[in-house]
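Side-chain atoms are counted along with the backbone in the values below, which use heavy atoms only and exclude waters and symmetry mates.
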Amino acid sequence: MNETLAALLPLQSLQSAGTGPLYVKLRRSLEEAIRSGRLEHGHALPPERDLADYANVSRVTVRKAVDDLVRDGLLTRKHGSGTFVVKPMPRVEQPLTSLTSFTEDMARRGLVTRSEWLERGLFHPSPEEMMMLGLAPGTRVARLGRLRMGNDLPLAIEHASISAEFLPDPMSVTGSLYAELEKKNARPVRAIQRISACNMKNPETGLLAVPVGAAGLSIERVSYLASGRVVELTRSLYRGDAYDFVAELSLGSK
């Protein structure tokens, strides 16, 4: 076991991991082992007792270091199974100045995208959908619920509602929703987007592979046609450790 620990966590690295409390130095050493790939995604972390004995620190010190890494999304605890390494999530910078689809955003960054369908079909609209989309009585609504992936890492859960007038066959959407709407001359030209911070709960945390309570970004987008008519209502939940939303500001008149 010590040989395995020595390969993953050299003691000399721990001793030279900078100043500060022991748990901070241990946390830095473990984080470096994860980010360098010595501790790979999905691998079990050695038991706290073994880490404490090897590093000659208390189990409280180990637990505090591990707690920090769980909170940061680099480790995850599975009840009855142990603590496992989570692949570090590359951050995606998303500008707030252009109206693009998830597929277009990821392609522009060279990431391979795919989706896992959570819901797809035509439904009777809810009162909120009728109001937000301006639907007439008897109109059906297309709902698309997807887990969005970039390079096989879960990034967001997305739920979109569109009038069946613009999307009569939800099964036709296999990639970009906007590309499909464009075929029907119904691609939105502007949108109002509201972003708020949240702490994620089950079952979303299971889908996004983050611990309960992890930081998330809740986003509501209402998109419009050139005529001013609403074409799309989408609510998404993004991993807070994967996205930076950026807006360019300029000096306005007073």
Side-chain angles (χ1 to χ4, degrees), residues 91-109 113 115 118-137 139-148 150 154-168 170 172-173 175-201 204 207-208 215-254:
R91 297 192 72 85
V92 176
E93 189 173 282
Q94 172 65 44
L96 295 175
T97 52
S98 57
L99 180 57
T100 55
S101 70
F102 178 90
T103 304
E104 292 166 340
D105 291 337
M106 296 300 104
R108 193 163 56 244
R109 290 162 178 79
T113 63
S115 297
L118 307 175
E119 179 182 47
R120 181 167 47 161
L122 292 175
F123 301 88
H124 294 293
S126 67
E128 182 186 34
E129 287 170 329
M130 291 191 69
M131 180 183 68
M132 297 292 288
L133 296 173
L135 302 179
T139 304
R140 305 290 291 277
V141 66
R143 291 183 191 151
L144 306 172
R146 290 186 278 184
L147 175 64
R148 310 307 301 264
L155 296 177
I157 299 169
E158 180 184 274
H159 290 279
S161 298
I162 305 99
S163 170
E165 174 186 349
F166 302 119
L167 190 64
S172 65
V173 180
S176 168
L177 169 60
Y178 282 7
E180 193 63 30
L181 290 175
E182 191 166 16
K183 295 177 184 178
K184 298 170 175 57
N185 296 317
R187 178 170 178 141
V189 298
R190 69 180 184 90
I192 295 175
Q193 189 159 273
R194 292 180 174 84
I195 304 173
S196 58
C198 65
N199 292 109
M200 290 191 278
K201 304 175 182 179
E204 291 87 358
L207 292 172
L208 292 173
L217 293 170
S218 177
I219 301 174
E220 179 185 274
R221 176 187 286 188
V222 181
S223 304
Y224 299 82
L225 300 176
S227 65
R229 183 172 174 185
V230 175
V231 65
E232 171 204 19
L233 168 63
T234 293
R235 289 193 172 96
S236 304
L237 181 62
Y238 284 78
R239 289 180 57 147
D241 62 349
Y243 264 80
D244 290 320
F245 287 87
V246 180
E248 181 178 348
L249 306 177
S250 59
L251 181 64
S253 59
K254 292 186 177 181

Any side-chain heavy-atom pair from [X] and [Y] closer than 4.5 angstrom?
X      : Y      : result
Leu167 : Leu144 : yes
Cys198 : Leu237 : yes
Leu181 : Ile162 : yes
Ile192 : Tyr224 : yes

>> For the CZ atom of Arg221 and the OG atom of Ser236, what is their distance to the nearest 0.5 Å?
In response: 7.5 Å
> Just how far is it from atom CG of Asn199 to atom OG of Ser218, taken to the nearest 0.5 Å?
Replying inline: 11.5 Å
Mind checking salt bridge (Lys or Arg N to Asp or Glu O under 4.0 Å) for [X] and listing every partner two or more places apart, or none if nothing turns up?
X      : value
Glu165 : Arg229
Glu119 : none
Lys184 : Glu180

Write down the atom of [X], the atom of [Y], and the distance for their closest heavy-atom approach.
X      : Y      : value
Ser163 : Leu133 : N-CD1, 4.2 Å
Ile195 : Ile219 : CG1-CG1, 4.0 Å
Leu208 : Ala156 : CD2-N, 3.6 Å
Leu225 : Ala186 : CD2-O, 3.4 Å
Glu129 : Ser161 : OE2-OG, 2.7 Å
Val231 : Phe166 : CG2-CD1, 3.7 Å

List in chain and number order the residues that pass side-chain contact (heavy atoms from CB on, under 4.5 Å) with [X], two or more places apart in sequence or in another chain; answer none if no residue qualifies.
X      : answer
Ala215 : none
Arg146 : Ser115, Trp117, Arg148, Glu158, Val173, Leu177
Leu122 : Arg140, Ala142, Ala164, Pro170
Glu220 : Met132, Arg194, Val222, Leu233, Arg235

>> Taking side-chain hydrogen bond (donor to acceptor under 3.5 Å, both in side chains) as the definition, give me every residue that meets it alongside Ser223, ordered by chain and number, with sequence neighbours left out.
In response: Tyr178, Glu232
> By side-chain hydrogen bond (donor to acceptor under 3.5 Å, both in side chains), which residues pair with Glu204, not counting sequence neighbours?
Replying inline: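 In terms of side-chain hydrogen bond (donor to acceptor under 3.5 Å, both in side chains), with neighbours along the sequence ignored, Glu204 is linked to no residue.
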